[in-house]
Amino acid sequence: MASSINPLSWLTASRARARALPLFTRAAVAGIVVFWIVGVQKALWDVRAWGALVPDEVGLTSLYRLNTFPFIHLNFFHAVMNILALTPLLERFETEYGTLTALALFFGPFATLPAFIYLFIEKFLLRGNTAVMGASIWVFLLLGIEAMKAYRANPSFKVGPYSIPTWTSPIGILLAMAALVPSSSFLGHLSGLVVGYLCGLGVLKFLAPPEKALRFVEGKLNLMGRLPHYISVDQKKYGRFGVLPSSSSPASAGISMGRGYSSLPAAAWELDGRWPMADGKQTCLTSDQTRLGPLNSGLLRLRRDPRILKVPPYLSLLCILVGVIWLFLLPLDDYSRRTYISENALLPGQVHTYFGGSDQNVFRAYKHETSALAGKTNIEINDGLETIIKGLGLKVSRQNFTYRSAGREYSGENLYAILQAPRGDATEAIVLVGAWENVKGEVNRNGIPLVLTLARYFKRWSLWSKDIIFLVTPDSITGPQAWVDAYHDAHDSARVSSLPLKSGALQGAIAIDYPQEERFESVHVVYDGVNGQLPNLDLINSVVSIAGGQMGMGVSIQEMWQHDDRYPDRLRTMLRGMLKQGLGLASGPHSSFIPYHVDAVTLQPYGVGWQDEMAMGRVIEGTFRSLNNLLEHLHQSFFFYLLMQRERFVSIGTYLPSAMLIAANFTIMAIFLWHQSQIGPPPNTPAVERQLFLPLGLVSLLQSLSVIPLSLFHHAPESALPPLFALFALINLALPPALSALLTARYRPSAQQYHLLQSFSLLLLGMFLSSLATLNFSLALLVGLLACPLSFVRPSRTAAGRVTCYLLLSAVAPTAVAVWVWGLGGWGRR
Amino acid sequence: MRQLLSFLLLLFVSLCRASSSPSSPDAPDYHEQLVLRPLPLSSLLASFNFRTNITLSAFEAHNFRYFPRSLAQILQHAGTRELHLRFSLGRWDAESWGARPWDGAREGGTGVELWAWLEADTDQEADQKWRTLTNALSGLFCASLNFIDGTRTTRPVTSFQPEGNLPNSKLANTHLLYGVLPHEVVCTENLTPFLKLLPCKGKAGIATLLDGHKLFDASWQSMAIDVRPVCPADGECVLQMEQTIDMVLDIERSKRPRDNPIPRPPPGHELKCDTSKSYHSDDTCFPAEYNADQDWSISQIFGRTMKGTCPLADPSVPSVCLQIPDSRSVYTSDGTTENKNPDKLSRCFDITPSSDFELWLPLPSSPSAPEVVTPDTPLLYAERSFTGHGQERGGMQTILRNPSPTSPVEFIYMESLPWFMRIYLHTIQARIEGNASVPSSSLIHEVYYRPAVDRARATQLEVRMRIPPRSTVFLTYDFEKSILRYTEYPPDANRGFDVAAAVITILGEGRKRYALRTTSLLCSLPTPDFSMPYNVIIFTSTAIALAFGGMFNILVRRFVAADEGPEMTLTTVKGRLAGLAARLRGGRA
Amino acid sequence: MDGGKVTLGRTAGLYAGAAVLRLALFTLFPGLPELLTGRVEISTPVTSFKRLQEGLFLYNHNVSPYDGGVYHQAPLFLPLFSLLPSFASWPIFTYLLYIAVDLLGAAALGKIADSGEAGSSALFQSPRREKRWSGFVIAAVFLFNPFTIATCIGRSTSVFTTCAILHAIAKAVSGAPFSAMVALSFGAYLSMYPLLLLPPLLLLCYDRQRPERAMPSGLRFAATNVCVVVSVLGVLFPMSYLITGSWEFLPATYGVQLTLSDLTPNIGLWWYFFIEMFDSFRSFFLAVFWLHLSCYVGGLTIRIRRQPLVVLTLLLGIFAIFKPYPSISDSSLFLALVPLYRHVFPLMRYTFVIAAIIIYTTFLGPAFYHLWIYAGSGNANFFYAITLVWGLGQSLLVCDLTFAVLRDEWEVERPEMVGKEIRQI
């Protein structure tokens, strides 16, 4: 133990050394990230094909591959792993040899040499043609150097009686990698390692550019002054291949650091609260490890390293980036799935539909009747319809309703009829909704007659196992809402009268919205529910397969009238869906059913084609036959999904990560800041007690203040909403500066309290977003994206910084964004 | 009321005949009758009634003549004094069809319903006999009656009274047990054993019209078996078994030929159109009134003609009656004589025993003439539904409407609910509408309540109420849906659980009682994830292990400073292992 | 936040404020009490107020409330609540009763805190004991803890148990063993599990008994107090028998807790486990769970012999996690006692993580429950996962507190180790 290096010494040294990642390391990491991002798409420019080290491709013209291949990676995880492994090693190298040297070496020999070795072996000895890419070759190269260094420091470590030379440890890792990691190029790594050893032995000294030249260049270009994080040749702490100093420094620092880190990793893996135990392991481990070769010690250092404190901001930034990129990956074939029917009982399109023939005559008659009613009052319309439906021998009933919302009064009368299932008992029911006016206010000219004709047609069948309810509402939003509320007795009986006639549990609902006169071409399926709830995917699938598959008419979603099943259209569909979900407005008569766990969609014929009303009727007949087959309430398929084409979707498991990552970035920053607040600005100060009272009080106060706008916006009349909104937008602008001024003047909080303040706010924000993401994914994502800057702002010294920061934040604040959108919309309308 | 009266008349006549000389062996103690009653909305009520009598002495002596031996043995073995078994499907549309046949005495709620008076000294013995009875009957009728276990059995206090006259000495130690299977689907396999019990086995007489396809295509049908001892004032007690089938047929649906059951849209020229419409043309047709077609014949409706009469049946009881105004003309196959009742509303037919019988009812001659006998309004309308949504809790709401303008109606409302619906009796309340004079508190007179016991006993609720004339009462109470063990769910757990119909017994003057039943309901319980018992067990155990392990470690280990104490190097580990081994060896030595 | 001068006025103001807040919540939001009563996080089958009403109704209509699957609470509640004016007509009295119970509990808590037992017990003086919060602060933390308020508004009967336990501890601290035992046995009578607190409470009483009538022999002391408990229970049970007229209440109240026949979801770990459990192993795992719950008593009592109050606190925390029917009221009791250990907070290491977990679960739990029960778009695993995390978060808090207390003890032996890195071997 005594002979070995005390790990803490290295800690202090490293802390004394680099506070930030030096220039070239940043550049390399950035390059890797950039190349990966570019590599996400293959359509425009396939980077991997362009830059990988493919033995056969390498000619005089394409020698660039020798330098590019380390930057290019197979996929996300490859890149991340390599970045994690490379950064500390590369950083050490650079801080030792200076940026220029690193630049020269890594763009010159360190890239090309291993490449040549690899090419030689692969092409001429093995006659293979395996492409390699990725920075792992550098990792092993640097490992080699480290290993030699450690070998000089302490030649061997003992396992029992045997002593193993330390320089062998990378080989162990190499073998382990080759064994464990699939498709890791053993040869590539080996060649990297070989070069590393050579370089470590000093054989390759001659490759390094002469110091004089470097000094000259530096002096001339004044790189020191110009470039941030630039490490000059003179700054280098140790001579070439110098060994670490073995002087052990006071333990306290290390301990305080250790304590410093406790909360972060502890969160990760020590649930049973044995941190000191684990810590003890670490210490003794490190003492072995330093004997046991540099890599593991490198990893350990990574854990107890001050630079761990540098990681979280980048990590959260990475979270945001990955979250966004993830979202844009979803429409790709590898991430989205084809839809399928998972409820076997549905059997969509398996039955022959008979609606048509002389029913068309009846339809025409009913159309005459209804068009005669058009323009009359709600009551007169219902009178007319009631006589017709009574003539069909169905039970008819009416419901009055009056809603008062935002100072406006919506009143009307619903008319509904129940076709009692012959032989059935009133246990289950399906609903067919025809709103007299659709959301746009057009009269449902063909929809209502179709409902009547279908009612007459369904009456003839004796196979219904569920009651069928035909509902005619004056409008598309409040009418269905009133009816479904009353059906589940969730209504205020003073405003909305109860239903005199009832049936069993609603199993599904289909709404017809068919205002257009001429023959149609395709059907548009509207499925967004209130507050972003969605119907079971099986319902949409069966409608699609009946209309598209059986009837052979086009089916579209999210107003994508044309949809070539390619990336841009899929993305547009998905984003439209998300926007609709995020806003959570009712999009049709079906929307009000979904909160009651009744799966419902609206069908809108559109376009000019050769499909007539009977075809539409057959679609509905087929759907009802499918629903009629149901034995259980729809529960098999997905309730959380994003459709990007009528037959492509992503399920929650695939898309939720993007929102969760956005939310996670706030949590990460919260933990990070909390921890920052513990170890004060100077690195060595031991743990300090936090003053929690002010931050806690302030944050909870502000959070609870949000009740005021909520209630105000709820109860204000519609006319008062715009000024109210403007008022609160202004308050949003004014409050932060006022508050900060007050705060600084009154309490003059310490840096720690600022940290805590931000930490708590971010914690709450992350929590709200992640809870919201489970209820309304899109809304959570939108808000999260807008709030992203919050996790990166810091109290800034200069007034200019403050002002710019403030401007930025208030520009992307949700209210401001609402204003932008509204303004743009208005402008676009103009 | 009128045709009810005629029913009673027939009943009385037959009763007299049955009991006038019950002991004489040649006396006819079996008769059957079919009553056809056209209903509004082009429906037709057909009620078949078969009655068999056997003197108790003969019963005890095991010489059954027409009485089915299979059933009799079961009754004897289970010590059953009185038995009522119901197989029902569909719902009776009281709004348009009016009062129920037999005053609702011969019908049950959807599914299978069984209640019986068993002779037993103790409750345990009664339960044991009940189990015997249900198992035997389920074998006899191919129904899953054996699933009527303790959790589905209740002992109603006031709702049911013995129909026959049991001697009071016996009444003391007879127990009434009531069980219901709302989820049971009644089908042909229940009809066949039912017919097997008949003396003519459905080979002759009205039973030949009973065809599974037609019966189970009916809008509402109810098969009933009632066994009760009847003791006339004079003479010997007889054991009377009555088999009843009531069904309401949708005429248009029934007239559809068997070989082409699909209701394809008819050719345009066959549509019945309302030609008065201005826009009427050959491609535009406003359909004429729906229920304008009360013209049918037996062979159309039942798919076959009636094969004579059952030779064992009492010939003096007309075997087919039709309840239709005298104004309408009816054609029958020759050899049958039609004799109209004095009340001008029903007529009966004497049928030649050997030849087939056919009956044809044409459309009324003049449109003004009354088409059907207007059904009289029932004493009470009842509709029951769930309130609230979600799988955590809910409410039950029963809307009871007394249509009569003058007389109040008093009745007993009985629910027997499964144990996993935990009802809160303190939330029960009756709200009255339409009649402000009566305070809501005075509606409920008595409540008999037996709360459920988890996995052992069903809830039993009997409420005696009185509703003033022309007013509607809302009877509501809350309940909680409990979550079950995952082994207790049926395979289609997400369908929900059927809740049996509520039985409403209206107390008429004297012992007269009218019964009606609400529809049954579907109650959806919260469901666990059935796919992952192992995962749950593993996860929970892990959580507990983590907590326990952490606690344990902190409690038993001793503190040292980070840099003190032995290092955990490989050598020390080896040393410790060696020491441990040595200790073990020492221990063994 | 420092325990400065606590005048009588401030305390009175605090209690008045708490009472007014609760009363306002009761009266201004009439829907709120019903809503909270319906939440599974607040009212469990053994503490639900709605079930209590049902029991009362049956009791007042001469139906045995225990001859059914609804009412599982102690028989003494029945006469108590039927003495009050009926809830339907005069809810205000019930509200006042619950508020009063909360305030009594807070008063007891204040006594405990002011006694300083947490920092310096008879056998142990913490070096950090100076740094502590006054009874005023701690009572305030208890009274204004959202969990406590929610429990009070939800009118769960567990507040009575909470009050009994707090009073038992307060009496023990103030050196009145007899009344402590009486209070404890009331708690045990109401909901069984407080009986497990007997050993540490005995020790606490023994340590804090008044010198003038001190009982030197621990054995005799223990024997007498156990006799007290037994005799009190021996009075209570026959009384219940007289009230209900049968012994049915024993299986209905305690049997249900032992066998978990009612599987209504709650925030605990038992319900889903025993929903998914195979029938053949059910009884075995019931035994295991109960054994696990009770096994902490001995270990903690022996290991932390010098600070019995700590043992009580930790046990309450453990019960709040591993009880058959836990609710947030149990957590609120535990969280009310934790601030007594202000002096060891610096030694705790995961405070932030714990707080984060508890807040997260507090918000995610209802959301997931809604997804499962009402929206129907999630399944039971959603809510189950949250209960799991909730349990883990609380157990982390218990472990961390234990560690801090033990380290505090250890640093008395090794003063030089203050602020140093340590580990356990």
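In what follows, chains are A, B, ... by sequence order, proteins preceding strands, each numbered from 1. Below, each value reflects all heavy atoms present in this structure, side chains not excepted, and no hydrogens, waters or symmetry copies.
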Could you label the plane-to-plane angle of the A:Tyr366 and B:Phe286 rings as parallel, tilted or perpendicular, counting under 30° as parallel and over 60° as perpendicular?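 Plane angle over 60°, so perpendicular.
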Please lay out, stage by stage, how A:Asp425 and B:Ser520 fare under the test side-chain hydrogen bond (donor to acceptor under 3.5 Å, both in side chains). CA-CA 7 Å; A:Asp425 200 351; B:Ser520 67; 2.7 Å; yes
Heavy-atom contact with chain A under 4.5 Å, split by part of [X]:
X        : result
B:Glu95  : side chain
B:Asp93  : side chain
B:Phe552 : neither
B:Gln221 : neither
B:Phe216 : backbone
B:Pro267 : backbone

Assess whether a salt bridge exists between B:Arg264 and A:Asp359, defined as any Lys/Arg side-chain N lying under 4.0 Å from an Asp/Glu carboxylate O.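 The answer is no: the pair does not qualify as a salt bridge.
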Donor-acceptor under 3.5 Å ([X] side chain, [Y] main chain):
X        : Y        : value
B:Glu383 : A:Lys502 : yes
B:Arg253 : A:Ser462 : no
A:Thr427 : B:Leu521 : no

I would like to know whether B:Asn494 and A:His635 meet side-chain hydrogen bond (donor to acceptor under 3.5 Å, both in side chains); could you show each step before the answer? CA-CA 7 Å; B:Asn494 284 285; A:His635 67 289; 3.2 Å; yes
Heavy-atom pairs under 4.5 Å with chain B are the metric here; pick the option from A:Ala426, A:Gly356, A:Pro422 that has the most.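 Among the listed options, the one with the most contacts to chain B is A:Ala426.
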Does the side chain of B:Thr284 reach to within under 4.5 Å of the side chain of A:Phe363, using non-hydrogen atoms?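 SC-SC contact between B:Thr284 and A:Phe363 ruled out.
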With heavy-atom distances below 4.5 Å as the criterion, would you say the side chains of B:Arg256 and A:Arg460 are in contact?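 A side-chain contact under 4.5 Å exists here.
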Closest heavy-atom contact between A:Lys459 and B:Asp250?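 Result for this residue pair: NZ-OD2, 4.0 Å.
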